[in-house]
Amino acid sequence: MEKIISIENLNYTYPESKKPAIKDLSLDIYKNEWLSIVGKNGSGKSTLTKLIDGLIEASSGTITIAGQVINEENIWDARKRIGIIFQNPDHQFVGATVEDDVAFGLENQGMPREDMIKEVDRALALVKMSDFKTRDPQSLSGGQKQRVAIAGVLATKPQIIIMDESTSMLDPDGRKTVLDLVQQLRKQQDLTIISITHDIEETELSQRIVVLNDGQIVKDGKPVDIYDLGSNLRKYGLEEPFSSKLMSIIRVTEKLPEGYLSEEELKQQLWKLHSNM
């Protein structure tokens, strides 16, 4: 697999703090991967995001993006490869209409107007928001706003999208819609997705999960391996997945296969058990 981001021995301490926010952290992220970075508040997730995007400079260590070691001279080129979708889309809106807002990043890049119109239309079509392009962004639902935010990121054609708690303000249906959309776009556009979250339930579509605690990686594995930790996730300030809690209750009276089962797998196992009775 081709690495798109390589982080080596990264350290960062905030000026007002004696304790490092990121401590000797090394991590490889691969092209077209969906990686979820989870941890409680204060675990270092947001700091790591800022370091990757060059918003703050590491005390020591290196970050390599697309084969280029990041420094003061090339950080702006590196940032063009990255788009960030924030928790609250209202904080990203700057235009009076949806199309104005999506065009904002392209205007900053100095794109000619004729090309900009095409790119805005392309991005809105990708997120199925073409019919809303003349609407005021503030008149949209939470899920629609997040789609517009995604379109604004897609318009600049990044290779990497960082989702910074970007579905935490949505209801379960809205969250599923946005996550499914991002998964579809990842495959279509060959994107790398880095999802930052404190909610283990939001990691279902990821291919790999990294657990941060006190600025260090404490677990790195496939979702099934992380979910299989069950109640042990609590020591890292994370909630045990709902299906894992449910399995613990069911196993008191029913024989289930060892290890973690997704909600769908759990349904199938219970169906088999009860159809044989």
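Source: prediction; values computed, not measured.
The side-chain heavy atoms of Leu10 and Ile63, taken from C-beta on, include a pair separated by under 4.5 Å. Counting only heavy atoms from C-beta outward, the side chains of Leu27 and Leu25 approach each other to under 4.5 Å. Counting heavy atoms from C-beta on, the side chains of Asp121 and Ile117 come closer than 4.5 Å. In this structure, the side chains of Val182 and Ile161 stay at 4.5 Å or more apart for every pair of heavy atoms. Side chains of Leu106 and Asn108 form no contact here, defined as non-hydrogen atoms less than 4.5 Å apart. Side-chain atoms of Val218 and Leu212, non-hydrogen and from C-beta on, never get closer than 4.5 Å to each other. Counting heavy atoms from C-beta outward, Lys31 and Met1 have side chains that stay 4.5 Å or more apart. Counting only heavy atoms from C-beta outward, the side chains of Leu140 and Phe132 approach each other to under 4.5 Å.
A donor-acceptor contact under 3.5 angstrom links the side chains of Asn11 and Ser60, judged on distance only. Remark: the Thr47 side chain and the Tyr14 side chain contain an N/O donor-acceptor pair separated by less than 3.5 Å. At a cut-off of 3.5 Å, with distance as the only test, no side-chain donor of Gln144 or Arg147 sits close to an acceptor on the other residue. No side-chain donor from either of Gln146 and Thr167 sits under 3.5 Å from a side-chain acceptor of the other. Counted by atom type alone, Thr49 and Asp164 present zero donor-acceptor pairs between their side chains at under 3.5 Å. With hydrogens and angles left out, the side-chain atoms of Asp136 and Ser139 include no donor and acceptor closer than 3.5 Å.
Contacts classified as salt bridge (charged side-chain N to carboxylate O under 4.0 Å, His left out) and involving residues 207-224 (residues at least two apart or in different chains) are given here: Lys19-Asp214, Glu33-Arg208, Arg208-Asp220.
The NZ atom of Lys3 lies 4.0 Å from the CG atom of Asp28; values are rounded to the nearest 0.5 Å. Taken from CG in Asp131 to CZ in Arg135, the straight-line distance is 10.0 Å, to the nearest 0.5 Å. Interatomic distance, Leu205 CG to Leu179 CG, rounded to the nearest 0.5 Å: 6.0 Å. The CD1 atom of Ile65 sits 4.0 Å away from atom CD1 of Ile70, with the distance rounded to the nearest 0.5 Å. The distance from atom OG of Ser168 to atom CD1 of Ile196, rounded to the nearest 0.5 Å, is 12.5 Å. For the atom pair CD1 (Ile4) and CD1 (Ile160), the distance works out to 4.0 Å, reported to the nearest 0.5 Å.
Taking both residues in full, the closest heavy atoms of Trp34 and Ser206 are given as CD1-CB, 3.3 Å, listed atom of the first, atom of the second, then distance. For the residue pair Val102 and Ala123, the shortest heavy atom distance occurs at CG1-CB, 4.3 Å. For the residue pair Leu51 and Glu57, the shortest heavy atom distance occurs at CD2-C, 3.9 Å. The minimum heavy-atom distance linking Pro137 with Ala96 is given by the pair CD-O, 3.5 Å. Considering every non-hydrogen atom in both Asp90 and Lys145, the closest pair reads OD1-NZ, 3.1 Å.
Other residues, nucleotides and ligands contribute only 12 or fewer heavy atoms inside 6.0 Å of the CD atom of Glu114. Around atom CD of Gln138, more than 12 heavy atoms belonging to other residues, nucleotides or ligands sit under 6.0 Å away. Annotation: Tyr236, atom OH; neighbour count of heavy atoms from other residues, nucleotides and ligands within 6.0 Å is above 12.
Under a 3.5 Å cut-off, the side chain of Thr64 and the backbone N or O of Gly67 do not form any donor-acceptor pair. With hydrogens and angles disregarded, a donor-acceptor distance shorter than 3.5 Å links the side chain of Ser26 to the backbone of Asn9. Ser17 places no side-chain N or O within donor-acceptor distance of the main-chain N or O of Thr13, the cut-off being under 3.5 Å. Checked by atom type and distance alone, the side chain of Lys23 never pairs as donor or acceptor with a backbone atom of Gln216 at under 3.5 Å.
By the 4.0 Å N-to-carboxylate-O rule, Asp180 lies close enough to Lys176 to be salt-bridged with it.
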Q | Ile193/Leu185 under side chain to side chain contact (heavy atoms under 4.5 Å, CB included): CA gap, chis, key distance, verdict | A | CA-CA 10 Å; Ile193 307 297; Leu185 293 170; over 6 Å; no
Exercise for the section: Show the numbers, then the answer: is there a side chain to side chain contact (heavy atoms under 4.5 Å, CB included) between Val38 and Ile209? Expected result: CA-CA 7 Å; Val38 301; Ile209 299 174; 3.8 Å; yes
For Lys157 and Glu119: C-alpha separation, side-chain torsions, deciding distance, then whether salt bridge (charged side-chain N to carboxylate O under 4.0 Å, His left out) applies.
CA-CA 9 Å; Lys157 296 185 177 176; Glu119 288 303 324; 3.4 Å; yes
*Going through the distances and angles, do Ile7 and Ile52 end up as a side chain to side chain contact (heavy atoms under 4.5 Å, CB included)?*
CA-CA 9 Å; Ile7 300 167; Ile52 291 172; 4.1 Å; yes
Trace of the side chain to side chain contact (heavy atoms under 4.5 Å, CB included) decision for Gln87 with Ser166
CA-CA 4 Å; Gln87 181 180 37; Ser166 53; 6.0 Å; no
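A chain of hydrophobic side-chain contacts below 4.5 Å, direct or via other Ile, Leu, Val, Met, Phe, Trp or Tyr residues, connects Leu154 to Val178. Two different hydrophobic clusters hold Ile150 and Leu35 under the rule that ILVMFWY side chains link at heavy-atom gaps under 4.5 Å. Hydrophobic clustering keeps Phe86 apart from Met129 (ILVMFWY residues linked when any side-chain heavy atoms are closer than 4.5 Å, directly or through intermediates). Under the 4.5 Å side-chain contact rule for hydrophobic residues, Tyr227 and Ile37 do not share a cluster. Both Val153 and Met111 are part of a single hydrophobic cluster, where members link through side-chain heavy atoms under 4.5 Å apart.
For the side chain to side chain donor-acceptor pair (under 3.5 Å) criterion with His198, the lone passing option out of Glu165, Lys40, Glu239 is Glu165. Checked against Ile226 for a side-chain contact (heavy atoms from CB on, under 4.5 Å), the options Thr203, Val210, Leu233 give a single hit: Leu233.
With sequence neighbours excluded, the residues that form a side chain to side chain contact (heavy atoms under 4.5 Å, CB included) with Gln68 are Asn74.
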Acceptor/donor pairs from residues 78-85 side chains to any protein atom, 3.5 angstrom cut, sequence neighbours excluded:
| residue | atom | partner | partner atom | Å |
| --- | --- | --- | --- | --- |
| Arg79 | NE | Asp53 | O | 3.1 |
| Arg81 | NH1 | Gln159 | OE1 | 2.5 |

